[in-house]
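Proteins get letters first, then strands, A, B, ... in listed order; numbering begins at 1 in each. Values reported hereafter were calculated over all heavy atoms of this structure, with side chains retained and with hydrogens, waters and symmetry mates removed.
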There are 2 protein chains.
Amino acid sequence: MTNPRVTTAPRSGHSHTAEAILDVAERLVQTYGYNGFSYADIAAQLGITKAALHYHFVSKGELGVALLARYTDRFVAALDDADIQGFDAAAKLDRYGQLYLDVLQGGRMCLCGMLAAEYQTLPAPMRTAVLQFFDQNESWLATVLASGREDGSLRFDGSAEHTARVIVSDLEGAMLIARLHNDVDRFTAAIDRLLGSLHHPRRRKQT
Amino acid sequence: MTNPRVTTAPRSGHSHTAEAILDVAERLVQTYGYNGFSYADIAAQLGITKAALHYHFVSKGELGVALLARYTDRFVAALDDADIQGFDAAAKLDRYGQLYLDVLQGGRMCLCGMLAAEYQTLPAPMRTAVLQFFDQNESWLATVLASGREDGSLRFDGSAEHTARVIVSDLEGAMLIARLHNDVDRFTAAIDRLLGSLHHPRRRKQT
DNA sequence: GTCTATACAGCGATAGAC
DNA sequence: GTCTATCGCTGTATAGAC
């Protein structure tokens, strides 16, 4: 510990207030969309002024990019964690579905699923970040799928990359529709069917 | 034909201009979202003023409701058409996927999929209409699935209603992600996998 | 780091002439 | 049915004091 003490802020390098701003903004975007909230909404919830927000994030687009960076970092960290835990491929897939479920249970849509809908209205830097989120998700899933097919814990038709894409789009769609109906069961039913179809049929459930 | 001649407007009862407004607004919502366009955008594209728009649709919410009514009517008409054509259940399912593909190939997101993302920001009458769209879709699909299982052209685990929900959410998710990447192939690959898994395995394709 | 104050564009919407 | 003109409000963003 010879290094000088760094701030208590996470590796993203934001101050405590900046993190609080991101927390509120994240929830607003996941609930109302990027075009459905304003600086005034954040300011009101934090009890500060709009001007103070602009000190931390000069523009709304910059805030959006920071939002995406933090969200993607956390998501990737969760995937890395699953790798480190030494789960088998099937368990990693279940863990992936659980990540989505956690978001939905908070009453939220996936940040990047929401931004995917609004993609055509986003500033270029945000667009890039949204695409990167999905690229990283699909890459991780493709690796998991390939290893799962090799060790026999998973089975699927087509390439791992292709199947990874299907998993991502199915989960995003299931979240979107489940949140619409405020019905988490719709989501769990969808992932059970999806992940069940990928698991090696040791015991297939039939209703 | 003893009835007096009615207007040439479709059964929705809108004038030619109102229909033109709906055409433009529909494309704007499907591209940028309900919160991503304004009366000024429509007016500019039609070469009229914002005030003229308010004559046809008093408020934006009213325009949104009219948009949903027309879209749902057209969708239901297409489903009715599939019923009348006497397709078997598997062919009806394919037709359903084709409807989505048609929308995506126009570079658009499903109107109601887009509005599902923005659901929390919509006025109450629009929320109701969005839910009705999905209810009608799921009901039609459930009927098709049930008859398909009976006549042997389809097979699936679980209830028809449950499976119908999965089809809707998978297709909406696939549209959302395919449009994000501006890649129609992503969508066709997803529906091929989905509908292929529902078809009776006369000839299953394996890659 | 937060404030007051403000600029300025855009929004949905209305009044009233034509 | 469309226009000009305008209203009131909200949006993002900035200047400058504390």
Nucleotide dC11(C), atom P - distance to CD1 of Ile42(B) in whole Å: 11 Å
Taking OP1 and OP2 of dG1(D), is either one under 4.0 Å from a side-chain nitrogen or oxygen of Tyr55(B)? yes
Does His54(A) place a side-chain N or O at less than 4.0 Å from the phosphate oxygens OP1/OP2 of dG1(C)? no
May I ask you to check whether Phe187(A) and His181(A) place their ring centers less than 6.0 Å from one another? no
Please determine if Asp102(A) and Arg108(A) form a salt bridge, counting it only when a charged side-chain N lies under 4.0 Å from a carboxylate O. no
What is the distance, to the nearest angstrom, from the CG atom on Asn35(B) to the P atom on dT12(D)? 12 Å
Arg95(B) NZ/CZ over Phe87(B) ring centroid, <6.0 Å and within 45° of normal: no
May I ask you to say what Phe57(B) touches in the nucleic acid, namely base, sugar-phosphate or nothing, with a heavy-atom cut-off under 4.0 Å? nothing
Could you check whether Arg186(A) pairs with Glu138(B) (Lys NZ or Arg NE/NH1/NH2 to Asp/Glu carboxylate O, under 4.0 Å)? yes
Tell me: NZ of Lys60(A) to P of dT10(D), nearest whole Å? 15 Å
Take the protein atom NE2 of His56(A) and the nucleotide atom P of dA13(D), then report the distance between them rounded to whole Å. 16 Å
Return the nearest nucleotide to the side chain of Lys50(B); candidates are dG12(C), dT14(C), dG11(D). dG12(C)
Please report, rounded to the nearest Å, how far the P atom of dC11(C) is from the CG atom of Asp41(B). 6 Å
Report yes or no: do His162(A) and Asp157(A) form a side-chain donor-acceptor pair below 3.5 Å? no
dT12(D) phosphate, OP1 or OP2, under 4.0 Å from Tyr39(A) side-chain N/O: no
Roughly, in whole Å, what's the span from CD in Glu19(B) to P in dG1(D)? 13 Å
Side chain of Ala51(A) (C-beta onward), nearest among dT2(D), dG1(C), dC3(C): dC3(C)
Here the distance between atom P of dG12(C) and atom CD of Glu62(B), to the nearest Å, is 15 Å
Counting just side-chain N and O atoms, does Ser38(A) come under 4.0 Å of either OP1 or OP2 of dG11(D)? yes
Classify the nucleic acid contact of Gly61(B) as base, sugar-phosphate or nothing, counting any heavy atom under 4.0 Å across all strands shown. nothing
Answer yes or no: does a side-chain N or O of Thr49(A) lie under 4.0 Å from OP1 or OP2 of dC3(C)? yes
Rounded to whole Å, how long is the line connecting atom CZ of Phe37(A) with atom P of dT10(D)? 17 Å
